[in-house]
Amino acid sequence: MKEQLLKKISDKSIAAGVVGLGYVGLPLAVEIARAGFKTTGFDLLDDKVSKVNNGENYISDVNSETLKALTADGMLKATTDFSRIAEMDFIAICVPTPLDTHQQPDLSYIEHSSIQIAEYLKKDTMVVLESTTFPGTTSDIVRPILEKGSGLVCGKDFYLAFSPERVDPGNVHYKTHNTPKVVGAIGQDAEDVIKTMYESFLEGGVYPVSSPAIAEMEKILENTYRNINIGLINEMAMLCDRMKINIWEVIEAARTKPYGFQAFYPGPGLGGHCIPLDPYYLSWKVREYAFHTSMIETSMMINDRMPEYCVQRIANILNEFSKSLKGSDILVLGVAYKADIDDCRESPAIRVINVLRKKGANVRFYDPYVKEYHDKGVTYTGETELSRSLLSDSDITVITTAHTCIDYNIVQQYARFVFDTRNAMKDVKERNNIELL
């Protein structure tokens, strides 16, 4: 099995499948196809499948012309028909792993995908889970489902590994093709073939580890590291506000140290799929071991309360102008979770808006990348342009996403007052109507 797969990788005859065509799956499928492997994307949503097959791009990190060329050449196709799993030699699972209403991991997407794959899994196939999850998922959940559903034996009839996705939407330097890949496989043969497969279409290199659990924990560490450090800087920001010290200037001064310090910046909370969620996977899992992740949980609490803290700061500013939060007209600039992208997943800006509305404020938003967003079954539509009247008619303008395409000099000139939670207006010279987080 091993030698046969290595040969098929070498001569590009591997048939590759990617389950889940979202922010992780579609870029991965494009890279595999671009390297010369015929690739099939699997998704339950007809809309995504139709768009891929028509060469229509819906992911900002994917080059639209590349996608169009690959689909036109027949190198990349998409389907909702999971029976075609039987044709695949390599299968990557890239499905969501959200939290449920009790902040516990929801593995239903992984489990459902594994059941569908198991039904059609053939011998001599590589299966890799890329969805972020807690240690033990690949070996203790995915493996038994695949073995029971297919009647095949892991390591003997098929190969299994975990390789965490590393996607940073909007990053201009690191994309799927040039970001190093960690692979934790079950058995040496699985490591050899899966490592070789990734090396055949990725330029960033592959770093093998001894087990799927190591790779799963490594991914949790990456994002928990960021969560903790952002929690630290958010707490420092709250302290500095009380002490009337500019936290942004403090950070820039600290950055001059050439060792031992990495800059993190405060904001209205955490967004995206990974950093706000991954620590919850770990804190849930460690209960099995009677262990309490006190530092991690503290950072989560700090970051989770930042939207409410920002609303309190907004109320305090309005109070200085003898206005109450209730009934005030508030303009929010940016609902994407980070600058220069259209991704609203877990966006703290939306939480800020929700709290403002709950307290009776009249909220409008403008985001050049997001025309509308959906929250709890409701669609909210943004303003079509950042006009002078929109700024001047608002009692306060709140910057929650630092999009670089916005002219912040115009914002300063026409806004009555600006609460800048991202230091987006750092280069604006006139600052009499600006307050920083």
Side-chain angles (χ1 to χ4, degrees), residues 5 8 13-59 61-62 66-68 70-98 106-133 137-138 141-143 145-150 152 158-165 167 176 194 197-198 200-202 273:
L5 283 173
K8 293 181 77 171
S13 61
I14 288 284
V18 176
V19 179
L21 294 173
Y23 285 90
V24 176
L26 185 59
L28 182 68
V30 166
E31 291 305 324
I32 300 172
R34 198 165 67 93
F37 297 96
K38 287 202 170 182
T39 306
T40 303
F42 295 85
D43 204 284
L44 296 176
L45 298 179
D46 290 323
D47 182 55
K48 284 184 179 179
V49 167
S50 177
K51 284 182 176 178
V52 171
N53 288 331
N54 291 326
E56 298 176 26
N57 186 23
Y58 51 88
I59 300 292
D61 279 359
V62 170
T66 300
L67 175 64
K68 190 177 297 184
L70 290 171
T71 54
D73 292 344
M75 293 302 296
L76 176 60
K77 297 180 179 179
T79 183
T80 58
D81 181 7
F82 275 75
S83 69
R84 294 195 57 199
I85 288 289
E87 304 168 18
M88 303 298 118
D89 303 298
F90 173 85
I91 303 166
I93 304 172
C94 306
V95 296
T97 47
D106 177 4
L107 298 186
S108 60
Y109 293 92
I110 290 179
E111 292 171 348
H112 183 66
S113 297
S114 298
I115 291 169
Q116 289 183 302
I117 292 168
E119 184 177 356
Y120 302 105
L121 184 66
K122 65 178 177 61
K123 291 184 66 173
D124 304 344
T125 302
M126 298 171 278
V127 181
V128 184
L129 176 63
E130 290 213 0
S131 306
T132 303
T133 184
T137 302
T138 305
I141 297 175
V142 175
R143 177 179 178 172
I145 291 174
L146 294 179
E147 290 185 328
K148 181 179 179 180
S150 67
L152 303 177
F158 70 93
Y159 293 133
L160 180 62
F162 179 79
S163 182
E165 55 89 359
V167 175
T176 299
I194 292 171
M197 180 63 191
Y198 276 116
S200 69
F201 64 86
L202 298 179
H273 174 66

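All residue numbers refer to positions in the sequence shown, counting from 1.
Taking the six-membered ring for Trp and the full ring otherwise, the centers of Y198 and F90 sit less than 6.0 Å from each other. Remark: aromatic rings of Y120 and F82 are distant, center separation not under 6.0 Å.
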Discussion item. With side chain to side chain contact (heavy atoms under 4.5 Å, CB included) as the criterion, how do D46 and T80 come out once you've worked through the C-alpha distance, each side chain's angles and the decisive distance to 0.1 Å?
Written reply: CA-CA 7 Å; D46 290 323; T80 58; 3.4 Å; yes
Fill in: Steps toward side chain to side chain contact (heavy atoms under 4.5 Å, CB included) verdict (M88, F42)
CA-CA 11 Å; M88 303 298 118; F42 295 85; 4.2 Å; yes
Worksheet entry | Residue pair T40, R84: steps toward the side chain to side chain contact (heavy atoms under 4.5 Å, CB included) verdict | CA-CA 9 Å; T40 303; R84 294 195 57 199; 3.8 Å; yes
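Y159 is listed as a side-chain neighbour of L5, based on a closest heavy-atom distance under 4.5 Å. Contact annotation: the side chain of K8 approaches that of D89 to within less than 4.5 Å [non-hydrogen atoms, C-beta and beyond]. Annotation: side chain of T71 is not in contact with side chain of N54 (no heavy-atom distance under 4.5 Å). Between L44 and Q116, the closest side-chain pair of non-hydrogen atoms falls below 4.5 Å. Counting heavy atoms from C-beta on, the side chains of M75 and T39 never come closer than 4.5 Å. Counting heavy atoms from C-beta on, the side chains of L152 and T125 never come closer than 4.5 Å. You'll find the side chain of T176 stays beyond 4.5 Å of the side chain of D61, heavy atoms only. Within the 4.5 Å cutoff, side-chain heavy atoms of M197 are placed close to those of S200.
Distance check: L160 CG to M126 CE gives 12.5 Å after rounding to the nearest 0.5 Å. The structure places CD of E56 at 8.5 Å from CG of D47, a figure rounded to the nearest 0.5 Å. Within the model, atoms OG of S131 and CZ of F162 stand 7.5 Å from one another, a figure rounded to the nearest 0.5 Å. Put simply, OG on S113 and CD1 on I110 are 8.0 Å apart, with the number rounded to the nearest 0.5 Å. Rounding to the nearest 0.5 Å gives a distance of 8.0 Å between CG of D106 and CD of E111. Note: L121 CG to I85 CD1 = 8.5 Å, rounded to the nearest 0.5 Å.
Shown here is Y58, whose OH atom has more than 12 heavy atoms of other residues, nucleotides or ligands within 6.0 Å. Atom NZ of K122 has more than 12 neighbouring heavy atoms from other residues, nucleotides or ligands inside a 6.0 Å radius. Other residues, nucleotides and ligands place no more than 12 heavy atoms under 6.0 Å from the NZ atom of K77.
For E119, there are no side chain to side chain contact (heavy atoms under 4.5 Å, CB included) partners, not counting sequence neighbours. Evaluation of the side-chain hydrogen bond (donor to acceptor under 3.5 Å, both in side chains) rule for T133 yields T137 as partners, not counting sequence neighbours.
With V142 as the fixed residue, the side-chain contact (heavy atoms from CB on, under 4.5 Å) test singles out one of L129, I117, V128: L129.
Of all non-hydrogen atoms in L146 and S150, the two that sit nearest each other are O-OG, 2.5 Å. When all heavy atoms are compared, the tightest approach of A15 to E87 is CB-O, 3.4 Å.
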Ignoring hydrogens and angles, write down the donor-acceptor pairs under 3.5 Å from the side chains of residues 18-33, residues two or more places apart or on other chains.
residue, atom, partner, partner atom, Å
E31, OE1, R34, NE, 3.3
E31, OE1, R34, NH2, 2.8

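In terms of modelled atom types and a separation under 3.5 Å, the side chain of T138 and the main chain of A161 share no donor-acceptor contact. Of the possible donor and acceptor atoms, none in the side chain of D43 sits under 3.5 Å from a partner among the backbone N and O of A78.
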